[in-house]
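Worth knowing before you read on, the calculation uses all heavy atoms, side chains too, and leaves out hydrogens, waters and symmetry mates.
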Amino acid sequence: MQGQSRKDIYPGLEVGIILKKDQRSGNVTYGIVKDLLTSSLFHSRGIKVRLDDGQVGRVCEIVED
C-alpha cells in the first residue's frame, strides 16, 4: 500500500483513494489531490486527502506516469 507517508503526497498529485463508504468493498476512486487532511507524518491506513471534486478518503495508491 502506498500513501502512508505525508511527504509522498502533495496537491496536484494523481492518487487512488478509498472513500469511507467503500471501505468494506475496497473500491478505489481516482482523482487529483486538492488538500491534505491528515496532519501527522505517517498514518497506517493512509493519509486522508480531499480531491479536486470534493471527495474525501484515504490514499491507497499513488498513480505513476
Side-chain angles (χ1 to χ4, degrees):
M1 178 171 163
Q2 299 173 332
Q4 294 178 325
S5 295
R6 196 171 197 273
K7 66 179 175 64
D8 297 333
I9 301 166
Y10 50 88
L13 183 67
E14 185 175 359
V15 296
I17 65 170
I18 296 182
L19 303 172
K20 184 77 170 178
K21 67 178 180 132
D22 293 332
Q23 283 180 343
R24 286 179 176 255
S25 66
N27 289 339
V28 179
T29 303
Y30 293 93
I32 306 295
V33 175
K34 180 178 181 183
D35 301 308
L36 278 74
L37 303 177
T38 299
S39 59
S40 63
L41 297 177
F42 179 85
H43 195 285
S44 60
R45 286 172 290 168
I47 300 297
K48 189 177 278 189
V49 297
R50 178 179 295 117
L51 300 180
D52 276 346
D53 61 5
Q55 297 184 92
V56 174
R58 294 196 181 274
V59 177
C60 65
E61 180 181 346
I62 297 173
V63 178
E64 305 288 336
D65 288 336

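- Under the 4.5 Å side-chain criterion, counting only non-hydrogen atoms from C-beta, Arg58 is in contact with Thr38.
- Heavy atoms of other residues, nucleotides or ligands lying less than 6.0 angstrom from OH of Tyr10 number 12 at most.
- Scanning all heavy atoms of the two residues, the minimum distance from Gly3 to Ile62 falls at N-CD1, 4.3 Å.
- When all heavy atoms of Pro11 and Leu36 are compared, the closest pair comes out as CD-CD1, 3.9 Å.
- For the atom pair CD of Glu61 and OG1 of Thr29, the computed distance is 11.0 Å after rounding to the nearest 0.5 Å.
- Side-chain atoms of Val15 and Leu51, non-hydrogen and from C-beta on, do get closer than 4.5 Å to each other.
- The two residues Leu13 and Ile9 come nearest to each other via the heavy atoms CD2-CA, 4.0 Å.
- Leu37 and Val59 fall into different hydrophobic clusters, where Ile, Leu, Val, Met, Phe, Trp and Tyr residues are linked whenever their side-chain heavy atoms come under 4.5 Å apart, directly or through other members.
- Taking 4.5 Å as the limit, some side-chain heavy atom of Gln2 sits within range of a side-chain heavy atom of Glu64.
- Under a hydrophobic clustering in which Ile, Leu, Val, Met, Phe, Trp and Tyr are joined whenever their side-chain heavy atoms come within less than 4.5 Å, directly or via other members, Ile32 and Ile17 fall into different clusters.
- At distances below 3.5 Å, not a single donor-acceptor pair connects side-chain atoms of Gln4 with backbone N or O atoms of Phe42.
- Two residues are said to be in side-chain contact when any heavy atoms from C-beta on lie closer than 4.5 Å; Lys48 and Val56 meet this criterion.
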Item to check | side chain to side chain contact (heavy atoms under 4.5 Å, CB included) between Gln23 and Ile18, worked out | outcome: CA-CA 6 Å; Gln23 283 180 343; Ile18 296 182; 4.2 Å; yes
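- Contact detail for Lys34 and Asp52: the closest heavy-atom pair is CB-OD1, 3.5 Å.
- The distance from atom CD of Gln55 to atom CZ of Arg50, rounded to the nearest 0.5 Å, is 11.5 Å.
- Applying the 6.0 Å contact sphere to CZ of Arg6 captures more than 12 heavy atoms from other residues, nucleotides or ligands.
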